[in-house]
Amino acid sequence: MKILELFFTFSMFVWFLSEFLYKRLLKSGEKDPKNKDKFTLNILWIAILFSIAASVTLSYFTKFPIVHRSWIFYIGESFILIGIIFRFIIIRSLGRYFTVDVTIKQDHQIKKEGFYRYLRHPSYAFSLLTSLGLGLYLNNWISLFLAFIPPFTAFIYRIKIEEQALIEQFGDEYLEYRRKTKKLIPFIY
């Protein structure tokens with residue numbers, strides 16, 4: 001179990017570092033429109049930092065176990081790792097079109113291949129999988145709620161703002177793509 005705890009600590013460090021680097025390195029360029037984001041990046045950061053701090057802190061002070069088995073720690077850690085790794089892959093697949101703030105590049109195109117064939121927001125889905133993994137790893141109902149609901153709510157708001165910008169830019173093409181895909185969970189939502 002000590003190895004799993006070390007692995008969890010390491011993965012949390014990697015998660016924070018990767019998100020910090022995305023925020024620093026993947027902002028929109030000087031020529032990109034800046035008025036589309038509507039503070040969603042700040043809202044996401046506040047929601048995610050709050051959710052991590054609150055869920056971990058409350059896991060030390062409250063005991064509302066989801067299950068009384070150790071397998072949940074492994075499931076939680078697996079979700080954390082899958083979320084971090086696949087979010088990185090998706091961000092790389094978008095290349096220069098990925099920005100942490102909502103903007104539409106001048107020669108932007110709608111990506112419809114790979115994960116985007118099934119989901120309109122796969123990087124958000126995998127970020128939420130990481131949050132879900134944190135809640136499961138902590139094995140506490142309150143921590144699970146705090147780890148997942150604030151980021152989920154912030155991402156739903158972000159998706160609304162982002163899709164408004166995409167509809168403004170691409171019109172019927174994006175509306176058709178939206179009809180054929182789900183937001184965050186393949187074939188479901």
Side-chain angles (χ1 to χ4, degrees), residues 15-16 18-52 55 79-80 82-135 144-189:
W15 183 22
F16 179 77
S18 65
E19 293 300 327
F20 177 77
L21 290 173
Y22 296 151
K23 186 176 188 286
R24 300 280 293 166
L25 302 174
L26 300 176
K27 288 186 177 180
S28 57
E30 290 181 21
K31 295 179 182 177
D32 299 322
K34 304 283 188 227
N35 60 345
K36 301 287 185 195
D37 190 72
K38 301 192 188 309
F39 304 105
T40 63
L41 180 58
N42 294 332
I43 291 168
L44 278 172
W45 267 89
I46 291 166
I48 292 169
L49 291 175
F50 166 80
S51 73
I52 293 169
S55 63
F79 282 8
I80 291 168
I82 290 167
I84 292 168
I85 292 166
F86 279 90
R87 180 162 157 79
F88 174 78
I89 290 169
I90 289 160
I91 288 169
R92 294 276 303 170
S93 78
L94 273 181
R96 66 183 202 82
Y97 295 115
F98 182 89
T99 59
V100 292
D101 49 332
V102 175
T103 191
I104 306 291
K105 300 261 184 192
Q106 192 164 2
D107 60 344
H108 206 108
Q109 296 177 355
I110 301 170
K111 185 168 176 78
K112 300 175 187 175
E113 308 85 36
F115 287 102
Y116 289 90
R117 184 174 177 193
Y118 305 101
L119 294 177
R120 296 190 305 274
H121 306 282
S123 78
Y124 301 161
F126 283 106
S127 185
L128 287 168
L129 184 66
T130 304
S131 295
L132 178 63
L134 170 62
L144 176 61
F145 179 84
L146 289 170
F148 188 76
I149 297 301
F152 178 77
T153 304
F155 275 119
I156 292 301
Y157 174 67
R158 166 90 170 212
I159 287 169
K160 179 183 172 199
I161 299 303
E162 188 172 311
E163 290 195 346
Q164 286 173 349
L166 289 163
I167 290 168
E168 285 175 20
Q169 180 70 25
F170 298 106
D172 289 339
E173 181 186 2
Y174 189 78
L175 290 170
E176 180 63 23
Y177 171 67
R178 191 166 79 169
R179 276 191 284 279
K180 293 179 180 179
T181 55
K182 298 296 181 184
K183 282 183 193 177
L184 294 168
I185 304 170
F187 313 109
I188 298 172
Y189 175 72

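Every value quoted in this text rests on a predicted model; they were computed, and no experiment measured them. Values below: every heavy atom of this structure, side chains too, minus hydrogens, waters and symmetry copies.
Considering CD1 of Ile149 and OG of Ser55, their distance stands at 12.0 Å, rounded to 0.5 Å. The distance from the NZ atom of Lys112 to the CD atom of Glu173 is 4.0 Å, given to the nearest 0.5 Å. Between Phe50 atom CZ and Ile52 atom CD1 the span is 11.5 Å, to the nearest 0.5 Å. Taking CD1 of Ile161 as the start and CD1 of Ile156 as the end, the distance is 12.5 Å to the nearest 0.5 Å. To the nearest 0.5 angstrom, Phe148 atom CZ is 5.0 Å from Leu128 atom CG. In this structure, Arg158 CZ and Leu44 CG are separated by 5.5 Å, a value rounded to the nearest 0.5 Å.
Contact of the Lys182 side chain with the Tyr189 side chain is not registered, since no non-hydrogen atoms from C-beta on lie closer than 4.5 Å. By the 4.5 Å heavy-atom criterion applied to side chains, Leu41 and Trp45 are counted as neighbours. In this structure the side chain of Leu119 reaches within 4.5 angstrom of the side chain of Pro186, judged on heavy atoms.
No more than 12 heavy atoms of other residues, nucleotides or ligands lie within 6.0 Å of CZ in Arg24, so this atom counts as exposed by the packing criterion. Heavy-atom neighbours of Asp107 CG from other residues, nucleotides or ligands within 6.0 Å: above the threshold of 12.
In terms of heavy-atom proximity, Gly83 sits nearest to Thr130 at CA-OG1, 3.1 Å. Closest approach of Ile167 to Arg178, counting heavy atoms only: CD1-NH1, 3.5 Å. Nearest heavy atom pair, residue Gly29 against residue Lys105, reads N-NZ, 4.1 Å. Taking both residues in full, the closest heavy atoms of Phe98 and Val100 are given as CE2-CG1, 4.0 Å, listed atom of the first, atom of the second, then distance. Nearest heavy atom pair, residue Ile84 against residue Trp15, reads CD1-CB, 3.6 Å. Pairing each heavy atom of Pro151 with each of Ile48, the nearest pair is CB-CG1, 4.0 Å.
The ring pair (Phe, Tyr, Trp, His ring centres under 6.0 Å) check on Tyr97 picks up His108, with sequence neighbours excluded.
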Next item on the list: Take Leu184 and Phe152, measure what side chain to side chain contact (heavy atoms under 4.5 Å, CB included) needs, and give me the verdict at the end.
Entry: CA-CA 10 Å; Leu184 294 168; Phe152 178 77; 4.0 Å; yes

Next item on the list: Show the numbers, then the answer: is there a side chain to side chain contact (heavy atoms under 4.5 Å, CB included) between Ile80 and Leu129?
Entry: CA-CA 7 Å; Ile80 291 168; Leu129 184 66; over 6 Å; no

Notebook entry, point to check: For Lys38 and Tyr157, what are the C-alpha separation, side-chain angles and deciding distance, and is it a side chain to side chain contact (heavy atoms under 4.5 Å, CB included)?
Noted result: CA-CA 10 Å; Lys38 301 192 188 309; Tyr157 174 67; 4.0 Å; yes

Item checked: Ile90 vs Tyr116, side chain to side chain contact (heavy atoms under 4.5 Å, CB included): CA-CA, chis, key distance, verdict -> CA-CA 9 Å; Ile90 289 160; Tyr116 289 90; 3.5 Å; yes

Checklist line | Phe86 vs Phe115, ring pair (Phe, Tyr, Trp, His ring centres under 6.0 Å): CA-CA, chis, key distance, verdict | finding: CA-CA 10 Å; Phe86 279 90; Phe115 287 102; 5.7 Å; yes

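For the side-chain hydrogen bond (donor to acceptor under 3.5 Å, both in side chains) with Ser28, the qualifying choice from Asp37, Asp101, Thr103 is Asp101, the only one to do so. Of the options Gln169, Arg179, Glu163, a side-chain hydrogen bond (donor to acceptor under 3.5 Å, both in side chains) to Tyr174 is made by Glu163 and by none of the others.
Ring-plane geometry between Phe88 and Tyr22 is classed as parallel, the angle between the planes falling under 30 degrees on a 0 to 90 degree scale with a further cut at 60.
A salt bridge links Arg87 to Glu19: one of the charged nitrogens lies within less than 4.0 Å of a carboxylate oxygen.
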